[in-house]
Amino acid sequence: MPTYSLRFSDWFHKPALSYWLALISAMVSFAIVLDSLLFPAVTGLLGLIFHMLSNGDTTDESGQESFLSNENSRSRLVINVARSLFVFTSYFFVLQSFWSDSLLSFYGVPLLLIIAVSLLAAANQSSYGGSRGFTSIAAIAFLLFARNALTMYEFEAPFADLAKAAAFVAFIEIAVSDRFRNSQDKPHPELLFGLLLAVLASFTFTSLALAFALSSLPIASFLVSNHRLARYSNEHTEPAFIRQLPLPEQKYRFSQYALLILGPLFISLVLYLSFLRVPSWTQFLPEDPPHLAETVAERVKLVSNASSLDESPARELSDSISRKARELSTEANQAVAAWTRKDPEAIDESQSEAPSSTPDPLPRRNSEVSSNPYREQTPQPTRGRSSTKPKITVSKETIPFDNGLDYETSPFQRTTTSNSDTITDPDPPRATLGNGPTLSGGQAGLDAFEFNETQDSPPPNQSLGQASGPVDTPESATLEFDRFLESFDNPGKAIAETLNLEGSDVSALLNEQPFATVTLESGSNAPKRLYLRRQVMDTVSSLGISSFPERDQKIEIDTSENRVVETTAFQRSQENGTSVIITASLRKSPSLPLPSSFSGIQAFNTNSLSTYPLKRVIIAPAREEPVTYRLLGADLEVSSRNQIESTDSDAYLRKMLEVPLSNADRRYLKSLAQRVGGSKSSPSRFANRFANYFSKNHTYSYFVEIPPGPEHAVVRWLRNDSPGLCSNYAAAFTLLARSRGIPTRVVGGFASVEFDASERRYVMRQNHAHAWVEYLNQSNQWIQFDPTPSITGAELRRAQSYVTPAAPASLDQLLANESRNLTGDEPGSPNISDSLIAAAIREQPETASPRSEPTPAQPNEPARTETPNQPLPSRETNGPPPSGPSQDLSQAPENQPKPPVAASSQESTPREPEPEAIDKKESVPTGTASRLEIPTPSREVPATKDQNTPWLLTLAVLALATPLFFFLMNKKTDTPRPPEIRLRHQAGQLLAKLETLIQEHKLESDAVWTEIKDLLHAQRYGREPNAVLIKDISVKVALLEKKKN
Amino acid sequence: MQHQQTTKITTVTQDSGKALLTIGVATLAGYLFLGIGLLAVVSALVLGLLLAAYFLSRASLKRIRFEISTPQTRTRVGEPVATHVTIANPNRYLPVFYPTISIRQKDTLRIHAFQFQGIIPAKSEVSFTAEPSFESRGLQRLEAFAPRSQFPFALHESIANAGVESNNIIVWPHSLHLNIDAIFNDPPRKAYDVSGEDSLVLNSNDATRIRNYVPGDPKPRINWKLSAKRDHLTVIEPRRQQLHKYELHLDTSVKLWKSNLAFERMLGLVSTLVSELFRRKLLQGISINSLFYPLLTNPQTTRFYDVLAQLQTENRDPAILGDEIFQRSQQKFSHLWILPAPHSSIILSSVPEEIESTLRT
């Protein structure tokens, strides 16, 4: 009867080092691709467990098959089944996430397909090499294509999802593969899949060091496993046994193995530097290239822009090396000249001509040919691959070809924060555009010229602010965009009139001034992208889309004394959400940013709020101070499954279907809606198809130009396939959906991905301003839908090169305000609450017009400030749009320590002396200290913006600590023993086993077994152990063990 | 024992190295075409690794020294010889990793490859035991050559073009299986083997076997009890000792052993035959081409085997019939001639007619 041992070491085997390296790199890369840590960590852990369970080394150290290997065949079967189940589950889990619709639509075909693909992967457990992985990728590609064709009417390759799927398959392949033991798999899948994962991950970061780490780990894994396999060079080789005593344990000396690491690294570095010098083939296209070549070149430029690494150190090094080489060659030339000279003047000539006449040691880019600061004293720095110059050159051509790739979820995504170096560049790139002698290529200059032209001659419909103020003023531009979003309370304002349907301003969307912070009280269900609504624009006019306030629906609520007010009208989700604390600056708009569903509100420093339940909008009395409020039971991401049906009146719904345009326009919209969206498709499918259509035909761009014409701006935008901003997409979608008969409205607000996991806080900045739509589906649910395609990295960089961020100190102000309000309002200085109430009362009748808000707030301010005169004017000038000062872009960063910061810090100072609040003392004890302390975190803001940081750190800890643990574990259990002692040990174990067996089977008198026992005894304690004999006896003992009593 | 400085090193890229090369070239092409930054890193890493491994693998073997020696001086064909191989690694930094060395009998084709599954650190030497075997009998020597290693990372295998030789070893012929009883015309009876009625007769005490001790008798045979009774040193002889011992005769004429294969096989069979008869103590000696070799003691047997190891055929007529020993011993029962038999076997015969007929065919 087989006995199953319960010892840990019998069931779990040591994972091989190569497996560790491969798994770690795969986990890091996969987490970067997915942008989440949980799934890779869990899957990796399970894969590790299965690896340790099932990949037990069936051979012992001498390479002989262990006789015990067959014993666990039944448990092996169980393990294999469990592993298949695991693969199936994880495939199913991942694949169903690709399918947005119900799996049971189309007669359950999607479900069947997903199950089939998962089964294929799960059943295919013993195939050779990477074939299973590639089979899975192919199957998933088919599945994704079917999905796109069925639901979105799209027949292009689904690059983004495919990239994710490929990353997943590669990860699973590495996690559950059994090729890290004595397998001689030739294609080395851990290398191929690991590198594939690294490449996929490299589209989302710019760090050269991370790229190096991610690409070297799979190679290291390959080398380790290869090294292990190389111990047995081939099957014809016999082992040679060491004759002398074993060598004394070698102490690790770095010098002995340094060559092994440093040699390859050095050669790699040289190769890498020389690779950097190879020019891109896209620069050598002929004048009139064939269309295909041109398209391919555009795509290549896109990809290379998206995947560029932070190569600046490498570039500098390579520059200095080439300089050195040049100097050397110059010296050599001089030496040669001196050697062969006939007259002394020749030297001078050769010296003066040397720099230009010597050939470059390395091939160089055309822009770098004349850039040798040592010799020629040219002022401009040398520019390498990913310098700003190619970006600008490329961007204009890039946009029209940016059709197929969905950059929202694509692996080519590049976060905005990664390009912060561009923003903080002290030289505004625009200044260098005009006069930089290196940028002599006609395209760059032309682009700059065209850009200025579009800015200087705005379309006729453009607003006052944009036409009057200098275009690159961030403040005025922000206000322009805000006015678009503020139109809820300005009934006459139409979208087209303010902004965005005819032309746009870049800087509005690139102003990084923090506007609100959203703190979750439990960070478990933080959505990746948080949408906060502020306004609902549901009234279409011939000019655009705007928001008429429904005055009869306005409900005033009293929120004084931190009272919690139940707001059932705002609850859209059946789930009990979490509590959320939002601190928002309402200087420019009185409407509060709100999540899509919450059940109660508790406002801390306002006494009353006006709510509009139909549109689910709340207006606070306008005021200068940021408002802090807590939302109870907030569901930040309402799924259609949990959503409560709306009970809107038919009249309102009918209004949501109005398209008050000319007949021709309406006809065009209707035909387009039916052609692309389908005449009978469900609203969700309609929405998906149009999202696709937009991403293919309308590039997202900050530089919107719509040709003038008699038609409505939306129709012109649609007809000309113009690039657009979020408001263009939202407006166009609304009109199209309405003409198909789907009630739709535009929602304005903020969408932020900037989540700080440690603080559980989202930061909303001005550039997170966004517009999306809500449509009513068949189940009477208002579905939040974002038709805007995501922005390309190139476009973002292009736009960012014109804008610098505003003072980040206001974030600290927001945070300070939040903590102040939360620690308690009761001490909170009767001055404030009184003044707030006064302000609120005064503003209430005026329905909180944003224009008038700073003015009433102004009288309250001087009473509280110690230095009233300095901060106030600066603050005031920032406030109202008409008087918006034209701050130059280049001066904005230098303004940081100046009045605005001082004002904000000083404003908070008067509250410090209050003795009751402990938190206040901790944060800002004295007035002078507050000035010094507050800016310090503000400098960290750009650094912490990098959302990768926390879990990258976690991954690094995981990657370092876990192998260390196992290393220590291995070291304890596995002490190397000479073969003879091992044999003796084995004989001893067998002897003990045999003695118990003999007792069990009552064989004491059996001569045969007694003899075997004697033999074993001799093997154990005798002169020379005999491996063959011990193996023989072990078989006999095993047989005896299996014999029944 | 010889020392030899290596001169030339050949490097063969292994399969894994080729796979890496493919990846490096493919990623480089991908980088050049697509401009993906990571591909440049990968390509540089992979190709740099390959190049560095190439140079390191050559450098680690460049100064390797090794020697081979065998402690034993005699062996048989096909039997493993304990051979000591010492590899010295005079490098300053580079270790020699899992070195493999080829050993073969000099001037033969069959190679034994031995791998030392350990690392030879820099500036140290290691001595290990390999067990090659010889292909042919005679005075032979072993040759160790082509030390090679897959260091580092098993991407390339570099092979040093060097070789050393061991001292001479006498290689005896391989002993082949032989059914001894079947090849005798008159199968020899073993000592003390009795059967049937003989046993009854022989069980009784035979007084004639009790005799006085004469010098030269083996001392264990002295029966001390009887000696005490008779007051003489008395010896009891074994009851039916095989008194006659065989004497073998071998002629190495080409005419007799027509093919070299048959001759070699005969040598193998003879070596088995001699060892078996020697073990049974039935052998007096063997005469090879009229030269007599007594086979009574171990040194004598060893000497005989040494002769056998270097025995060659002689291009002349078989001299058995005209031999004086043949003439003299024709009548004797215990003189046996080793003669060829069908299927490259041998037969032992003392019957003159039979011998003559064999010689004639």
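In what follows, chains carry the letters A, B, and so on, assigned in the order in which the sequence lines appear, proteins first and then strands, with residues in each chain numbered from 1.
- Residue A:L208 touches chain B through its side chain alone, counting heavy-atom pairs closer than 4.5 Å.
- The nearest pair of heavy atoms linking B:G35 to A:S304 is O-CB, 3.2 Å.
- When each of A:A198, A:P218, A:G263 is checked for heavy-atom pairs under 4.5 Å with chain B, A:A198 comes out on top.
- Residues A:I267 and B:L50 fail the side-chain proximity criterion, which asks for heavy atoms closer than 4.5 Å.
- By the 4.5 Å heavy-atom criterion applied to side chains, B:L28 and A:L271 are not counted as neighbours.
- Here the CG atom belonging to B:L45 is positioned 4.5 Å from the OG atom belonging to A:S268, to the nearest 0.5 angstrom.
- Interatomic distance, B:I23 CD1 to A:L192 CG, rounded to the nearest 0.5 Å: 4.5 Å.
- With a threshold of 4.5 angstrom between heavy atoms, B:L20 approaches chain A through side-chain atoms but not through N, CA, C or O.
- Residue contact with chain A, scored on non-hydrogen atoms closer than 4.5 Å, involves the side chain of B:L39 exclusively.
- Put simply, of B:A130, B:A52, B:A59, the one with the most heavy-atom pairs under 4.5 Å next to chain A is B:A52.
- B:F153 contributes atom CZ, which lies 5.0 Å from atom CG of A:L260 (distance to the nearest 0.5 angstrom).
- Side-chain atoms of B:Y31 and A:L276, non-hydrogen and from C-beta on, do get closer than 4.5 Å to each other.
- Looking at A:V296, only its side chain comes within 4.5 Å of chain B, counting heavy atoms on both sides.
- By the 4.5 Å heavy-atom criterion applied to side chains, A:F275 and B:L32 are not counted as neighbours.
- Of the atoms belonging to B:L47, heavy atoms from both backbone and side chain fall under 4.5 Å from chain A.
- The backbone N or O of B:V41 lies less than 3.5 Å from no partner atom in the side chain of A:S215, so there is not a single donor-acceptor pair.
- Relative ring orientation between B:F33 and A:W281 is described as parallel, the plane-to-plane angle staying below 30° on a 0-90° scale split at 30° and 60°.
- When heavy atoms are compared at a cutoff of 4.5 Å, A:F266 does not approach chain B at all.
- If you measure heavy-atom distances from B:S43 to chain A, the contacts under 4.5 Å come from both the backbone and the side chain.
- B:L155 is listed as a side-chain neighbour of A:L223, based on a closest heavy-atom distance under 4.5 Å.
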